[in-house]
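Working notes, structure below.
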Number of protein chains: 2
Amino acid sequence: MKPGLRHETEDCRAVSDILGRVGDKWTVLVVGFLSSGPMRFSELRRSIGGISQKMLTTTLRGLERDGFVTRTVFPSIPPRVDYELTDLGHELRVPVNALGEWARLNMARVKQARERFDNAPSEQSTPVARTAARQATR
Amino acid sequence: MKPGLRHETEDCRAVSDILGRVGDKWTVLVVGFLSSGPMRFSELRRSIGGISQKMLTTTLRGLERDGFVTRTVFPSIPPRVDYELTDLGHELRVPVNALGEWARLNMARVKQARERFDNAPSEQSTPVARTAARQATR
DNA sequence: CAGGATCCGGTTAGATACTG
DNA sequence: CAGTATCTAACCGGATCCTG
């Protein structure tokens, strides 16, 4: 995302920026789990399940940097670190949840489209047939 | 995203799925340009500016596979291919635009948070101070 | 014109081992 | 417990060349 987009508008870069954070592999999961309250590192790790501790650290650092979560260290032994959504993080969940809800409602349509595409006779159809197929999806 | 998430809820996977498509490098730009009507390949390429033809092809194929755009080939010489958002694609723009709008409105806050984080005294603060900082951001 | 095929450097993510 | 450091395999995106 470094080069290439130099001449984009401010808006586009802001969107790409946020989407870059939100669209990465784990961020949404982490934010989702944090939405119900603060959690400590290993708690998150166990809840999410498939994440490596390196990726969890990286994801949380990114979220902290962007102001979406806070990181609170308790100087106890053993050490304990709590992560919690900031107000900004909670606000972010609104549009993200909207997108999530959309995804939930429309995943069947996407799945259907994928199956149709994957079983397609690999470009044996005429352009007219293609167009007809397009109409059918409307 | 293959292993690991086996035990996630359907919802979470749907969200990650959509976000994975939407959050990639070019998808949002492409969808944005297509929102005003059908465009042909080279038209898109020129409009977007920084994209290689390989990435544009890849992005468009992904969008086509998921049912967000249609691809119509005109058997002319020289060949001509039009891409157009499906209804599903147009509907997707609603939550994506909402997220984009949120990004536009809050990019300043994110930028501030980043600057604060990047100028931080790299963990010299006490946990209490950290917590105090957290309160300050509320 | 649209896009497939190939090569290649940079980034990324996971596994593993180690530390305060 | 909550990381950091390191290594490596996989992936990704760009550039280039080629075709119907």
Side-chain angles (χ1 to χ4, degrees), chain A residues 1-6 16 19-21 23-30 33-34 38-65 69-84 120 122-127 130, chain B residues 1-6 16 20-21 23-30 34 38-65 69-84 122-124 126-127 130:
Chain A
M1 176 95 32
K2 283 184 308 278
L5 292 178
R6 281 180 294 270
S16 298
L19 282 172
R21 161 130 327 289
D24 86 344
K25 200 171 175 179
W26 301 108
T27 294
V28 170
L29 275 310
V30 171
F33 278 107
L34 286 178
M39 289 176 84
R40 49 191 304 187
F41 188 86
S42 46
E43 210 175 347
L44 269 172
R45 184 146 157 56
R46 269 193 312 276
S47 303
I48 295 177
I51 192 172
S52 67
Q53 110 278 43
K54 175 187 173 180
M55 277 300 96
L56 183 53
T57 301
T58 304
T59 303
L60 287 167
R61 282 291 181 284
L63 285 169
E64 188 193 2
R65 186 170 109 98
V69 308
T70 55
R71 176 174 178 274
T72 311
V73 181
F74 298 94
S76 54
I77 293 183
R80 169 199 175 129
V81 179
D82 271 16
Y83 293 91
E84 184 175 10
S122 69
E123 196 71 33
Q124 293 299 68
S125 55
T126 72
R130 278 276 221 178
Chain B
M1 175 90 34
K2 282 185 309 278
L5 291 179
R6 282 180 294 271
S16 298
R21 161 127 332 284
D24 86 345
K25 200 171 177 179
W26 301 108
T27 293
V28 170
L29 274 310
V30 171
L34 285 178
M39 289 177 84
R40 47 191 304 187
F41 188 85
S42 46
E43 210 175 346
L44 268 172
R45 184 146 158 55
R46 270 192 312 275
S47 302
I48 295 177
I51 192 171
S52 66
Q53 118 277 40
K54 175 186 174 180
M55 277 300 97
L56 182 53
T57 302
T58 304
T59 303
L60 287 167
R61 283 290 182 285
L63 286 170
E64 189 193 0
R65 185 171 109 98
V69 308
T70 56
R71 176 175 178 274
T72 311
V73 181
F74 298 94
S76 54
I77 292 183
R80 169 197 175 133
V81 180
D82 271 16
Y83 293 92
E84 184 175 11
S122 68
E123 196 71 36
Q124 294 299 68
T126 73
R130 278 277 221 178

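By convention in this document, chain letters (A, B, ...) are assigned in the order of the sequence lines, proteins followed by strands, and residues within each chain are numbered from 1.
- Nucleotide C/dT19 holds its P atom 17 Å from the CD1 atom of A/I77, rounded to whole Å.
- Between the side chain of B/Q53 and the base of D/dG13, no donor-acceptor pair of N or O atoms lies under 3.5 Å.
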- Item | Working for side chain to side chain contact (heavy atoms under 4.5 Å, CB included), residues B/M55 and B/T58 | CA-CA 5 Å; B/M55 277 300 97; B/T58 304; 3.8 Å; yes
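- For A/I48 and C/dG14, the CD1 to P distance is 12 Å, given to the nearest whole Å.
- With D/dC1, C/dA2, D/dG3 as the choices, the nucleotide that has an atom nearest any side-chain atom of B/R71 turns out to be C/dA2.
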- Item | Steps toward side chain to side chain contact (heavy atoms under 4.5 Å, CB included) verdict (B/Q53, B/F41) | CA-CA 9 Å; B/Q53 118 277 40; B/F41 188 85; 4.1 Å; yes
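- An OP1 or OP2 oxygen of C/dG14 is reached within less than 4.0 angstrom by a side-chain nitrogen or oxygen of A/W26.
- Side-chain proximity of A/K25 to D/dG3, C/dG14, D/dA2: nearest is C/dG14.
- For the pair A/L44/A/I51, no side-chain contact is recorded, criterion being any heavy-atom separation below 4.5 Å from C-beta on.
- If you take OH of A/Y83 and P of D/dC1, they are 15 Å apart, rounded to a whole angstrom.
- Of all nucleotides listed (D/dC7, D/dG3, D/dC1), D/dC7 comes nearest to the side chain of A/K54.
- In this structure, the CD1 atom of B/I51 is 9 Å from the P atom of D/dG13, given to the nearest Å.
- A/L56 has its CG atom 14 Å from the C1' atom of C/dA13, to the nearest Å.
- Nearest nucleotide to the B/M55 side chain, out of C/dG14, C/dC1, D/dG14: D/dG14.
- Across the interface with DNA chain D, nearest-nucleotide mapping of A/P78 and A/T57 shows A/P78 to be the residue nearer the 5′ end.
- You'll find the side chain of A/D82 reaches within 4.5 Å of the side chain of A/R40, heavy atoms only.
- Proximity of B/R40 to the phosphate of C/dA2: a side-chain N or O atom is located under 4.0 Å from OP1 or OP2.
- The nearest whole Å value for the distance from the CG atom in A/L44 to the P atom in D/dA2 is 10 Å.
- Listed candidates were C/dC1, D/dG14, C/dG14. Nearest to the side chain of A/S52 is C/dG14.
- In this structure, B/D82 places its CG atom 14 Å from P of C/dC1, rounding to the nearest Å.
- Closest non-hydrogen pair, B/L63 versus B/R21, comes out as CD2-CD, 3.9 Å.
- Within the structure, a side-chain polar atom (N or O) of B/S42 is placed less than 4.0 Å from OP1 or OP2 of C/dA2.
- Atom pair B/L29:CG and D/dG13:P shows a separation of 13 Å (rounding to whole Å applied).
- In terms of phosphate contacts, B/R61 brings a side-chain nitrogen or oxygen within less than 4.0 Å of OP1 or OP2 of C/dG4.
- Within the nucleic acid shown, A/R45 has no heavy atom closer than 4.0 Å to any nucleic acid atom.
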